[in-house]
Novice: 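The structure is given below, and queries will be raised subsequently.
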Amino acid sequence: MLQKKEFYNQSALKVAQDLLGCFLMRRIGNEIIRTKIVETEAYEGLRDLASHASRGKTPRNAVMFGEPGLYYVYFTYGMHHMLNVVTGPKDHPAAVLIRAVEPIDELDLKTNGPARLTKALQIDKKFNEFPAFSKKSELWIESGEKIKKSEIISAKRIGIDYAGEYKDKLWRFYIKDNKFVSKK
DNA sequence: CTCGGGATTGAG
DNA sequence: TCAATCCCGAGC
């Protein structure tokens with residue numbers, strides 16, 4: 001079942017946890033690659049210094065201020081694409097970064113990290129502003145396994161040491177003991 | 001230790 | 001138009 005647009009119209013913290021266990025689906029030609037989301041991070045609002053939206057609306061981050069359920073894909077460090085899904089109501093800038101997925105069919109895909117998964121699934125900036133709630137995107141999200149609260153670990157987010165008081169927020173979530181989580 | 005890789009951004 | 005920025009592996 002596709003996750004509906006309303007699923008994303010909640011706080012990033014809620015969506016980040018609810019996305020664990022969901023299926024991230026990618027169609028390339030006639031092939032459909034199925035993966036399960038195992039690690040996410042929440043970027044919530046204008047005050048979160050780790051978020052691209054913390055300095056206001058710019059051409060790059062404009063999609064974060066728009067409708068929930070759209071992808072925010074950006075290129076960084078001169079080499080990496082990052083896949084996010086916009087959350088919350090319109091005009092509230094927030095998103096969830098998908099950090100790692102578990103491949104279901106092609107077990108040798110390297111998807112244990114935000115840059116690795118976009119490379120493995122051939123995700124680039126053309127997906128920016130595409131909807132996660134439509135198969136027309138050729139990249140969509142379906143409901144999946146229900147993950148128990150006791151299986152969800154909260155941790156500090158990765159690579160945001162510049163974010164002041166926000167760098168220690170436990171806004172990274174992953175499935176306990178899952179081998180495809182990017183770090184321990 | 002320094003540099004490169006690149007899009008993004010704000011300053012000049 | 002330019003310089004700073006983000007991270008980190010390669011090269012000195």
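All figures in this text were calculated on a predicted structure; none of them were measured in a lab. Sequence lines set the chain letters: A, B, ... in the order given, protein chains first and strands last, and positions in each chain run from 1.
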Novice: Phosphate oxygens OP1/OP2 of B:dT9: is one of them under 4.0 Å from a side-chain N or O of A:Arg60?
Specialist: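 Looking at the OP1 and OP2 atoms of B:dT9, one of them is under 4.0 Å from a side-chain N or O of A:Arg60.
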
Novice: Atom NE2 of A:His80 to atom P of B:dG5: distance rounded to whole Å?
Specialist: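 These atoms are roughly 14 Å apart.
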
Novice: What is the separation between atom CZ on A:Arg99 and atom P on C:dC7, rounded to the nearest whole Å?
Specialist: 12 Å

Novice: Short question: side chain of A:Ser134, backbone of A:Pro131 - any donor-acceptor pair under 3.5 Å?
Specialist: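 It does not hold such a pair.
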
Novice: Calculate the interatomic distance between A:Arg55 atom CZ and B:dG10 atom C1'; express it in whole Å.
Specialist: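 Whole-Å distance recorded here is 9 Å.
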
Novice: Take the protein atom CG of A:Asp161 and the nucleotide atom P of C:dC7, then report the distance between them rounded to whole Å.
Specialist: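 My rounded result for the distance is 7 Å.
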
Novice: Measure from OH on A:Tyr43 to P on C:dC6 and round the result to the nearest Å.
Specialist: 14 Å

Novice: Please confirm whether the ring centroid of A:Phe65 lies under 6.0 Å from the ring centroid of A:His92.
Specialist: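 Between A:Phe65 and A:His92, the centre distance exceeds or equals 6.0 Å.
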
Novice: Between A:Lys167 and A:Asp161, is there a side-chain N and carboxylate O pair less than 4.0 Å apart?
Specialist: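 No.
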
Novice: Measuring centre to centre across the rings, with the benzene-like ring taken for any Trp, is A:His80 within less than 6.0 Å of A:Phe75?
Specialist: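 Aromatic pair excluded; centres sit 6.0 Å or further apart.
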
Novice: If you assign A:Lys125 and A:Tyr77 each to the DNA chain B nucleotide with the nearest heavy atom, which residue ends up on the more 5' nucleotide?
Specialist: A:Tyr77

Novice: What is the separation between atom CZ on A:Arg116 and atom C1' on C:dG9, rounded to the nearest whole Å?
Specialist: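 A:Arg116 atom CZ is separated from C:dG9 atom C1' by 13 Å.
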
Novice: Could you check how far CD1 of A:Ile158 sits from P of C:dC7, rounded to whole Å?
Specialist: 12 Å

Novice: Considering just the side-chain nitrogens and oxygens of A:Thr76, establish if one lies under 4.0 Å of OP1 or OP2 belonging to B:dA7.
Specialist: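 For A:Thr76, the contact criterion (side-chain N or O under 4.0 Å from OP1 or OP2 of B:dA7) is not met.
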
Novice: Calculate the interatomic distance between A:Phe75 atom CZ and B:dG4 atom C1'; express it in whole Å.
Specialist: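 Distance check: A:Phe75 CZ to B:dG4 C1' gives 13 Å.
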
